[in-house]
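Each remark here refers to the structure printed beneath this line.
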2 protein chains.
Amino acid sequence: MEDLKLSRKEREYLRHRQEILQVALKLFSERGFHNVSMHEIAQKSEFAVGTLYKFFSKKEDLYLALILEKAREFRSALTAALQTPGDEMKKIRTWLEAKIRLFMDSLDFVRLYVAETRGGSFNIKAGLDKEIKKNYEMTLKEIEALFASGIKKKLFAKFDPHLLAVALEGISNAFLFEHLEHPDKHWLDANLILEIFFQQVYTGGAHG
Amino acid sequence: MEDLKLSRKEREYLRHRQEILQVALKLFSERGFHNVSMHEIAQKSEFAVGTLYKFFSKKEDLYLALILEKAREFRSALTAALQTPGDEMKKIRTWLEAKIRLFMDSLDFVRLYVAETRGGSFNIKAGLDKEIKKNYEMTLKEIEALFASGIKKKLFAKFDPHLLAVALEGISNAFLFEHLEHPDKHWLDANLILEIFFQQVYTGGAHG
DNA sequence: CCAAAAGATGAACCAATATTCACAATACGA
DNA sequence: TCGTATTGTGAATATTGGTTCATCTTTTGG
């Protein structure tokens, strides 16, 4: 984002910090917070344990920084996607496409993020929990607003917009998880998800 | 299930075992595997630490037993719900109602289960992972079969039945999670979920 | 080239806690 | 009632792994 005007020292500091975070992300995403030791992060990132503590004062802080920074990145990318011009349907499509792309590009983070948002956030203490949840709620609110205005225009059927947002999140996440488990089986496709969500599934036996 | 023909000793053994599991479930569901100590489980269940090890040879085994036994219980209840007479739509409705009821009746377990199935199962080692996943896949397969036969009868629109099953799971879980977070906000209602899932959401601007 | 500062190191320390086991309490059958 | 078997106990042990800090290395400015 805003690089420049950083001294060489500062850039190096940030690069080192990033390297640590990257190694930690890989490890945490594979085995979770408690099954990864600082010693291992140190070894894999080719720093000494003590050095890690120059960057992060506690193991928990390292983890926290990891999740929060990525989560903010995700959120801003998704919010940006909503700024696309077009009607509500178009915006939702763009948003979903962005979401799929983001997830596919950082599957390891997704696992961790999911564990945090959905898994009762056992792994770490409060604080993280709070911001992550708020983050999620805000995304939900944005989608909700989109539905609300779409309903006003009679573009969408008249359901509670909040529930629609929850449902769309749910359905798209389900597909993403499915893909996480069986990457080869189905290709992730925004159109398919949107069709199932928006089209009529129950025909009641009408001639198909 | 099949009680009787157990000696008093055996019944007592099982009762003790259950008491331990129950206490452990409460604790694990609140704070996760790693943030609960055997000593605490011992204290809260009013047994000595050593006694716990008479029932479960490792902490992990205790956790494992806990999840697996409840998961099997869930699964058999859901499978039973699918045996209800009626057409595919009716079966799905009954299944969803059973699912909602089950979840509502054991919110603490649900948190743990979700953490396991969705959260990359960091908490414990393999083995559990495998059975839980298979369990989930089988439920999915059952729903999928329902969709497949419903589609053949032209009761449902012609989508990939597997994807429909994933979508329905996703949408219903999303509502369950939403309810976990905001128990007061919306009342969990199978009809509402089914409407959003099965009815047409996108009208394309038709007169509403 | 040198001294002071900044950065990096990893052995050692220590707290937390899973697990063991020698012993005590209790139940049981004779 | 008594000896044996079963069950329960919890202090002691062992291990793991987070954190510290005295020391070494590198950089910097003169």
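Here is the naming used below: chain letters follow the sequence lines, and residue numbers restart at 1 for every chain.
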### Query
Would a line drawn from the ring center of B:Phe56 to the ring center of B:Tyr63 be shorter than 6.0 Å?
no
### Task
Could I get the full list of side-chain contact (heavy atoms from CB on, under 4.5 Å) partners for A:Glu97, not counting sequence neighbours?
A:Arg93, A:Arg101, A:Ala190
### Summary
Reading nucleotides 16-24 of chain D from 5' to 3' and marking B where a protein heavy atom lies under 4.0 Å of the base, S where only the sugar-phosphate is that close, and - otherwise, the string is --BBBB---
### Query
Just checking B:Tyr13: base, sugar-phosphate only, or nothing, at a heavy-atom cut-off of under 4.0 Å?
nothing
Tabulate protein N/O versus nucleotide N/O from nucleotides 26-30 of chain C, keeping only pairs under 3.5 Å, one per line.
{"residue": "C:dC28", "atom": "OP1", "partner": "B:Arg8", "partner atom": "NH2", "Å": "2.6"}
{"residue": "C:dC28", "atom": "OP2", "partner": "B:Arg8", "partner atom": "NH2", "Å": "3.4"}

### Message
List the residues meeting side-chain contact (heavy atoms from CB on, under 4.5 Å) with B:Thr79, not counting sequence neighbours, and say none if there are none.
### Response
B:Arg75, B:Gln83, B:Glu142
#### Entry: Atom-pair distance (CG on B:Leu52; P on D:dT9), nearest Å
9 Å
## Note on the structure
Separation of D:dG10 atom C1' from B:Gln43 atom CD, nearest Å, is 13 Å
### Query
Which residues satisfy the side-chain contact (heavy atoms from CB on, under 4.5 Å) test with B:Lys152, sequence neighbours excluded?
none
### Task
Could you tell me the separation between the CD1 atom of A:Ile20 and the P atom of C:dG7, rounded to a whole number of Å?
14 Å
### Query
Whole-Å distance between C:dA25 P and B:Phe47 CZ?
18 Å
Tabulate below the donor-acceptor pairs under 3.5 Å that side-chain atoms of residues 155-162 of chain B make, not counting sequence neighbours, or state none.
{"residue": "B:Asp160", "atom": "OD1", "partner": "B:His162", "partner atom": "N", "Å": "2.8"}
{"residue": "B:His162", "atom": "ND1", "partner": "B:Glu144", "partner atom": "OE1", "Å": "3.0"}
{"residue": "B:His162", "atom": "NE2", "partner": "A:Glu178", "partner atom": "OE2", "Å": "2.6"}

### Query
In whole Å, what is the span from the CZ atom of B:Arg15 to the C1' atom of D:dT7?
15 Å
### Query
Rounded to whole angstroms, how far apart are CD on B:Glu46 and P on D:dG8?
14 Å
Could you tabulate the donor-acceptor pairs under 3.5 Å formed by side-chain atoms of residues 15-25 of chain A, not counting sequence neighbours?
{"residue": "A:Arg15", "atom": "NH2", "partner": "A:Glu12", "partner atom": "OE1", "Å": "3.4"}
{"residue": "A:Arg17", "atom": "NH2", "partner": "A:Glu69", "partner atom": "OE1", "Å": "3.3"}
{"residue": "A:Arg17", "atom": "NH2", "partner": "A:Glu69", "partner atom": "OE2", "Å": "2.2"}

### Task
State which residues pass salt bridge (Lys or Arg N to Asp or Glu O under 4.0 Å) with A:Lys26; sequence neighbours excluded, sorted by chain then number.
A:Glu30
### Task
Please collect all salt bridge (charged side-chain N to carboxylate O under 4.0 Å, His left out) contacts where either partner lies in residues 46-56 of chain B, sequence neighbours excluded, each pair once.
none
### Task
Let me see the working for A:Glu10 and A:Ser7 under side-chain hydrogen bond (donor to acceptor under 3.5 Å, both in side chains), right down to the final yes or no.
CA-CA 5 Å; A:Glu10 288 168 318; A:Ser7 70; 3.2 Å; yes
#### Entry: Value in whole Å for how far the P atom of C:dT19 lies from CD1 of B:Ile41
11 Å
### Query
How many Å lie between CZ on B:Phe55 and P on D:dT6, as a whole number?
15 Å
